[in-house]
Amino acid sequence: MTATKPEHEIVISQFLGEIVREPGNELSLPGGLPGFEHIQTLLPVEIPVHRPLVFLQSTSCPDVCFVCLPVSSIVSNYQIRISEDDRAVLDLDPDRELVMGEDILCLALLAPLPGSVRTNLDAPIIINLRNYRCAQVLLAVTNGTRRLTDDGSWDLIC
Amino acid sequence: MLVLRRRVGEAILLGPDIEIEVVEISRTRVKLGVRAPRTVCVTRREAAAVASENREAAALATSGGGIENIVRLLRNIPCPP
């Protein structure tokens with residue numbers, strides 16, 4: 001009997017082309033994102049040659065793809081304090097001191113500026129690494145909005 | 001701005017279709033319950049500002065000139081360990 005390969009579902013991205021949707025790799029967003037409440041699932045894509053960029057592609061909207069960076073590549077002393085409500089949304093232990101890279105991954109969304117990009121470090125995308133639940137949290141701690149400069153550093157703009 | 005005092009369990013109406021009820025009051029926060037048609041967007045004020053930023057962020061992929069152009073912009077970013 002010949003074994004047949006299960007067909008993987010393909011997600012179409014207007015930006016990245018065809019992406020293989022492997023089970024267990026998707027991020028679930030119980031509340032969507034502000035401005036994109038209808039988006040319940042994102043597919044994280046890393047292209048090795050383009051690291052540390054992470055692309056978050058909507059599985060339902062081919063034209064919605066967010067370009068992100070791990071916050072550690074922007075600021076080394078990134079401060080985060082996730083509220084009780086946000087921990088509940090992400091299904092995070094309410095009492096545990098969270099460790100980035102073990103419990104959670106924090107990504108900063110990049111937005112365009114003329115000739116550059118900016119990012120709001122007070123509104124990171126947080127991913128629970130144990131169950132791949134994802135949400136954008138609004139932090140009380142002020143890490144600020146930063147702009148990428150020509151030399152690769154990030155200047156605080158507000 | 002219209003300022004009203006409400007106790008837990010009491011509510012205010014915004015027009016005929018929207019009701020905001022005080023669900024719980026703690027020392028520093030109040031929990032509100034909102035009944036509104038699905039067509040009405042209910043969001044925290046700070047989330048509305050982030051929504052606008054997110055729409056701009058979504059435009060980076062489509063208007064940023066493609067992946068190579070974005071990578072070129074970010075070429076000096078170090079890869080974290």
Side-chain angles (χ1 to χ4, degrees), chain A residues 13-17 31-37 39 47 49-53 55-58 61-74 76 83-85 101 108-113 115-120 122-123 125 136-140 145 148-154, chain B residues 6 8-9 11 14 17-81:
Chain A
S13 166
Q14 280 188 8
F15 183 57
L16 300 171
L33 293 177
F36 295 87
E37 286 78 10
I39 290 183
I47 302 171
V49 71
H50 295 318
R51 281 193 177 126
L53 286 174
F55 304 92
L56 299 180
Q57 172 64 49
S58 166
C61 305
D63 60 343
V64 177
C65 180
F66 298 101
V67 185
C68 310
L69 281 172
V71 295
S72 52
S73 49
I74 301 173
S76 55
S83 70
E84 254 179 60
D85 291 344
L109 287 184
L110 303 182
L113 276 179
S116 183
V117 293
R118 63 175 165 82
T119 185
N120 180 356
D122 293 326
I125 302 288
Q136 187 168 28
V137 306
L138 307 182
L139 300 178
T145 295
L148 179 64
T149 64
D150 289 341
D151 64 5
S153 62
W154 293 86
Chain B
R6 302 272 71 191
V8 173
L14 302 179
D17 300 325
I18 301 171
E19 181 177 313
I20 303 174
E21 181 180 325
V22 178
V23 174
E24 183 184 306
I25 300 174
S26 67
R27 192 173 58 86
T28 57
R29 293 195 300 180
V30 60
K31 185 183 281 187
L32 301 172
V34 180
R35 292 186 190 88
R38 284 189 170 275
T39 52
V40 175
C41 178
V42 179
T43 188
R44 293 171 290 169
R45 182 170 61 182
E46 60 272 24
V50 172
S52 174
E53 290 180 358
N54 286 350
R55 282 188 282 273
E56 291 178 31
L60 177 61
T62 50
S63 70
I67 189 170
E68 296 303 330
N69 197 46
I70 292 172
V71 168
R72 187 181 56 78
L73 280 175
L74 303 171
R75 66 189 176 283
N76 291 324
I77 294 176
C79 198

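Within every chain, numbering begins at 1; the chains are lettered A, B, ... in the order of the sequence lines, protein sequences first and strands thereafter.
- With a 4.5 angstrom heavy-atom cutoff, A/Leu16 touches chain B only via side-chain atoms.
- How far CG of A/Leu138 is from CD of B/Glu46: 5.5 Å, rounded to the nearest 0.5 Å.
- Interface check for chain B: of the options A/Gly35, A/Pro34, A/Ser13, the most heavy-atom pairs under 4.5 Å are formed by A/Pro34.
- The line from CD of B/Glu53 to CG of A/Leu33 is 12.5 Å long, rounded to the nearest 0.5 Å.
- With values rounded to the nearest 0.5 angstrom, B/Leu60 atom CG is found 9.0 Å from A/Phe55 atom CZ.
- Between A/Gln136 and B/Val50, some side-chain heavy-atom pair lies under the 4.5 Å cut-off.
- The minimum heavy-atom distance linking A/Cys65 with B/Ala61 is given by the pair O-CB, 3.4 Å.
- Between B/Arg29 and A/Asp85 there is a salt bridge, with a side-chain nitrogen of the basic residue lying less than 4.0 Å from a carboxylate oxygen of the acidic one.
- One distance of note links CZ of A/Phe66 with CG of B/Asn54; it measures 5.5 Å at 0.5 Å rounding.
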